[in-house]
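Please read all numbers here as calculations on a predicted model, not as lab measurements.
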Amino acid sequence: MNASATSAETTTSRASQDAGATSEVTPSGTTTPGVTTPGGTEPGDSPASNEVTLTGVSKSFGPTPVLRELDLRISAGELVTVLGPSGCGKTTALRILAGFERPTSGRVLVGGRDLTGVPPNRRGIGMVFQAYSLFPNMTVQDNVEYGLRVRKVRRERRRATAAEMLELCGLGEFALRYPHQLSGGQQQRVALARALATQPEVLLLDEPLSALDAIVRTQIREEIRRLQQQLGITTMFVTHDQEEALAIADRVAVLNAGVIEQIDTPQTVYRRPAGAFVARFVGTVSELGAEPSFTHGALPAQAPGPGLDTVFVRPEDLTLLPEEEGRCTVVSQIYTGERTVVRAETPDGVTVTSSVSAAEAAELVPGTRVSPHLLSAPALRLPAGAGQAAA
Amino acid sequence: MGAVTTTTSVAPSAPETTGTARTSGRSPRDRALRASRWVPVVAVALYVTVPVLCSVAYAVLPGGSFSLAAYSVIGDDASLAAAAGRTLAITGATIVTLVVTLVPAVVAVHLWAPRLRPLLEILCTLPLVVPPIAIAAGVVALLRAGAQQGRGSLGNQISQFLQSPDLPLILVGTYVVLCLPFTFRSIDAGLRTIPLKAMVEGSTILGSSIWGTIFRVVIPNIRGSMLFSVFFATALCFGEFSLAATLSQQTIPVWLYDVSSHDFRASIAIAVLLNLTTWALLFVATLSADRFSPAARAARAEKQLQKTTTKALAS
C-alpha cells in the first residue's frame, strides 16, 4: 500500500508536466460554483488529476485479439470520442478503463494513479450505459443518490446534490417518478445525472445515444457536451456514429481492428484522414485513380489501379459539370436541405459523390452525363505503390 | 389460491354479458356449459375447506356447543411455548441462511459462470429425489459418528452443538437444503426477468461492492421470488415432522404429535391455529407482493402526481 502511494506521487508530478505541454488541446475546465463535492476532495486535486492514459493495452478473448498495444491519452477536461465499426474493440477499451475487463497486458492510469488492478467500484469513474441500466425499484431521485448512498453521504446532503444534478440535467420535476414512467431520452438524462452525482474524475459513455431517436439524440448530445465542459470532466465517448463523434469531440480516435488509426481534432480527421480506412469510415469519399502527375482540374473518373495514385475526395471538394462526352451518368440525388448530394457512376461502376447547391442540382437530374472536376486538394492521396497496399 | 382469483374475476363480468336481450338468443345448452366451468372450482374448494372446517368444528364445538376450552393448553402447557419459540428460531435462521447463501450463489452463476448453472440446478433438485427419511437417517448417522468420538472430543462437541435444543442448527441446515429445489427455481426465474448484468455493472461503477449490490439492487428487483422463498421456507419449517421427530427436537409438529396421544382435541385446536397462521402468512405475502411490486409503487406515484397536478391546476 505504501509503495504504491509513493509511486503514484511521482507519476502525478510527471503527469502534470505532460499536461502543461499539451495544454493547447485542453479546453478550459471550469467547474460550476454551485456544485458541492460530496465525500470530500480526492487526494491530488491538481489540474492534471484526471488525465487518462492507456499505455500498451492489449486484450484477447481466448485466441482472438481485440485490442493490440493501444496507446491513448485523454487530457484533463478533454472529450475524446472513440469511433469505429462494430467489433473494432472500442467498447472493450472503455470497459478496460471502467475496470470491467482486465487488459491482457498494458496499464491504465488516471491522474498518474495506476488503476490496472483496481476493481471498478474503487475507481471513482462515472459511466453511462447504452441501455441506461437505471434501477427500476428506485425513484429517479434515489437512482441519482445511489452513488452517494454507497459512499455513506448524509441523507440531507444526498438529497441536495441529487436535486442539483437533476436540475442541471433538466429533470427537476421528475424526481419522484420511477424510471419506466420516463421516455428513453429522460431515462438517459437520469443515467447521466446519476453518473455525475458522485463528482467522478472521469466520465465514460458507452454508445449512450444509440437507443434514442434522431431529435432526442441531438438534444442529449448537446446536453452531454454542455455539462462536460461546464464540469470540466475528462470524458471518453464511444460511438459507431461518425456524425455524433465529429459533432461532440475535442478529439476523435478512429479505431479499427484493435488499433488506433488516427487520433486528432474532428476537422483534421475529416479533412486530412491518416489512411484509407479513416477516409472511408469518416464521412463520404469518392475513391478514384489518378495519374501521378495529376494535380487539379478534370478528374479522370477511373478506378484505382496499378501505376495510378489513389485519391480520396470529399463530396464538397469536387463538382460535377454537365458535358456531352462525360464518362459519368448521374444516378441519384439526395436532398439534405442546404446541400444536395449527387451520385454519378461510370459504366464500369466507379462511383463519384459530390455535394452541390440546390441551383447546381437542378442541372444534374438523374441521367445527365457529367465529368467530375476537383475544386480543392483531395482529402488523402496515396502514391501508386502505397495505394495498392491500402486497397 | 387459483380458485379464489377465478371467482373474483369472472363473477363481475357475468351479469354484463348475460343481459336480457342476449340470454334470449342463447340455448340452454350454452348456459349449462357456462355453469359447468364452476364444477372443478367448487370441487377443489370443497376438497380444501371441508377437512379444515371439520377440524375447526372439532376444536371449538366440543359436544355441540361453542367453547375455546381446548385452547387453554396454550396457557397451561409451557412446552408449547418452548416448541413455538424453537420453531420460530429455526424458521428465522433458515430464511436468513437461505437468502444469504442461495441468492449470491445464483447471482454469481448468472454473472460469471453461466455454464455451471445446470450443475447448480441438479444439485438444488437433489433434495427432491431423496426421501426425507433417508436424509434423516443420514443426518442421524453423522451425528452419532460425531458423538461416538467420546466425551469431550471435538466431534462430540460439534455433534452436541448442532443438536442444542435452543437452536438446533442441524435442523436449520437440513431445512435450508430441503427448501433448495423450489427456492432455487424461483430465484433463478426471477433473475432471468431482470437485466442483471447491466444492473450489477451500473451499481458497481457507482462504487458499490457486490454484496451491497445484491442487497440494494438485485433482491429488491426480484421481490416476488424472494417472498415466495421466504413463504416456502416458513411453511416447510412449520410443518416438517419426520426429521425433527427422528432427531428428538420438539418443534411444533412434534409437539402436536406428542400431545395428540393424551389430549387429541388440544392438538387439533393448535393445528387449526397453525393452519390459519400459515394461510394468513400466504395472504400477507401475496398482498405485499402486489403492494410492493415496482408496478404498484409506480402506479401510486403516478396517482399522487396526478393529485398534486390537479391541485396545482385548481389553485
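- Across T213(B) and Y146(A), no two heavy atoms sit closer than the pair CA-OH, 4.2 Å.
- Contact annotation: the side chain of P220(B) never approaches that of F135(A) to less than 4.5 Å [non-hydrogen atoms, C-beta and beyond].
- Rounded to the nearest 0.5 angstrom, I205(B) CD1 and R194(A) CZ are separated by 10.5 Å.
- Using non-hydrogen atoms only and a strict 4.5 Å limit, the part of residues 127-134 of chain A facing chain B consists of M127(A), F129(A), S133(A).
- Under a 3.5 Å cut-off, the side chain of R151(A) and the backbone N or O of L206(B) do form a donor-acceptor pair.
- Pairing each heavy atom of S209(B) with each of N121(A), the nearest pair is CA-ND2, 3.5 Å.
- Applying the salt bridge (Lys or Arg N to Asp or Glu O under 4.0 Å) test to residues at least two apart or on different chains, the pairs with a partner in residues 131-147 of chain A are D142(A)-R159(A), E145(A)-R158(A), E145(A)-R159(A).
- Close approach to chain A, defined as a heavy atom under 4.5 Å from one of its heavy atoms, is seen in no residue of residues 97-129 of chain B.
- Residues R216(B) and M138(A) share a closest heavy-atom pair of O-CE, 3.8 Å.
- When side chains are defined from C-beta on, R223(B) counts as touching N137(A), because their heavy atoms get closer than 4.5 Å.
- Annotation: residues 194-202 of chain B contacts chain A through K197(B), A198(B), M199(B), E201(B), G202(B) [non-hydrogen atoms, separation under 4.5 Å].
- A 4.5 Å side-chain heavy-atom check between S208(B) and V150(A) finds at least one atom pair inside the cut-off.
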